[in-house]
Amino acid sequence: DGTTYLCGMDSIGAMETAKDFMLSGTAPESLYGMCESMWRPDMEPEELFETLAQCLLSGVDRDALAGWGAIVHIITKDKVITRTLRGRMD
């Protein structure tokens, strides 16, 4: 019917849906608090990227297995914005 929705998959491929945001990978426990406190509905792409960047970097700093950054894709009705987010490398 053309309605958008948000979903993710767990490690065995089971689909999960959510109304607000999805978390996965090695650090979801480190991300939930930040995401729940900073995310809000109807954010503009730039505001969403800044919020996402702060949440990801906060989570990465708390989990040694999480890596040193991320490739972020913000998907809007008209385009896909892709940016590389670099974290600490020490």
Side-chain angles (χ1 to χ4, degrees):
D1 67 355
T3 304
T4 59
Y5 66 96
L6 180 63
C7 77
M9 291 189 180
D10 65 13
S11 60
I12 62 169
M15 189 171 78
E16 260 184 273
T17 60
K19 294 180 183 177
D20 44 15
F21 55 84
M22 295 294 301
L23 299 172
S24 66
T26 63
E29 296 83 11
S30 300
L31 293 168
Y32 270 110
M34 282 292 289
C35 292
E36 288 173 336
S37 67
M38 296 183 73
W39 181 87
R40 54 190 166 75
D42 302 320
M43 297 173 87
E44 294 296 320
E46 280 302 313
E47 183 181 22
L48 181 59
F49 174 77
E50 287 301 320
T51 299
L52 175 64
Q54 293 301 314
C55 291
L56 281 173
L57 290 175
S58 175
V60 166
D61 284 347
R62 290 176 172 82
D63 183 359
L65 298 176
W68 290 334
I71 297 174
V72 178
H73 302 284
I74 304 290
I75 302 169
T76 69
K77 184 177 181 179
D78 304 319
K79 61 185 173 184
V80 176
I81 303 165
T82 301
R83 294 188 181 149
T84 300
L85 183 60
R86 298 184 195 286
R88 293 174 48 174
M89 294 188 188
D90 57 349

Apart from [X] itself, what residues make up its hydrophobic cluster, given side-chain heavy atom links below 4.5 Å?
{"X": "Met34", "answer": "Met38"}
{"X": "Val80", "answer": "Ile75"}
{"X": "Leu56", "answer": "Phe21, Leu23, Leu31, Tyr32, Trp39, Met43, Leu48, Phe49, Leu52, Leu57, Val72, Ile74, Ile81, Leu85"}

Listed by chain and number, what are the salt bridge (Lys or Arg N to Asp or Glu O under 4.0 Å) partners of Glu46, not counting sequence neighbours?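 Partners of Glu46 by the salt bridge (Lys or Arg N to Asp or Glu O under 4.0 Å) criterion, ordered by chain and then number, come out as Arg83.
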Among all residues two or more places apart in sequence or in another chain, which pass the salt bridge (Lys or Arg N to Asp or Glu O under 4.0 Å) test with Glu50? none
Donor-acceptor pair, distance only, cut-off 3.5 Å: does the side chain of Ser37 make one with the backbone of Gly33?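 Indeed, once roles are kept as given, a pair shorter than 3.5 Å links the two residues.
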Could you tell me which residues satisfy side chain to side chain donor-acceptor pair (under 3.5 Å) with Thr82, sequence neighbours excluded, listed by chain and number? His73
Residue list, side chain to side chain donor-acceptor pair (under 3.5 Å) with Thr51, at least two apart or on another chain: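 Here no residue qualifies.
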Less than 3.5 Å apart, any donor N or O on the side chain of Thr76 or Asp78 sitting next to an acceptor on the other?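 No, Asp78 and Thr76 have no side-chain donor paired with an acceptor closer than 3.5 Å.
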Quiz: residues 13-20 side-chain donor-acceptor pairs under 3.5 angstrom, not counting sequence neighbours:
none

Tell me which pairs pass salt bridge (Lys or Arg N to Asp or Glu O under 4.0 Å) where either residue lies in residues 31-43, with sequence neighbours left out.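 Every salt bridge (Lys or Arg N to Asp or Glu O under 4.0 Å) pair that includes a residue of residues 31-43, provided the two are not neighbours, is Arg40-Glu47.
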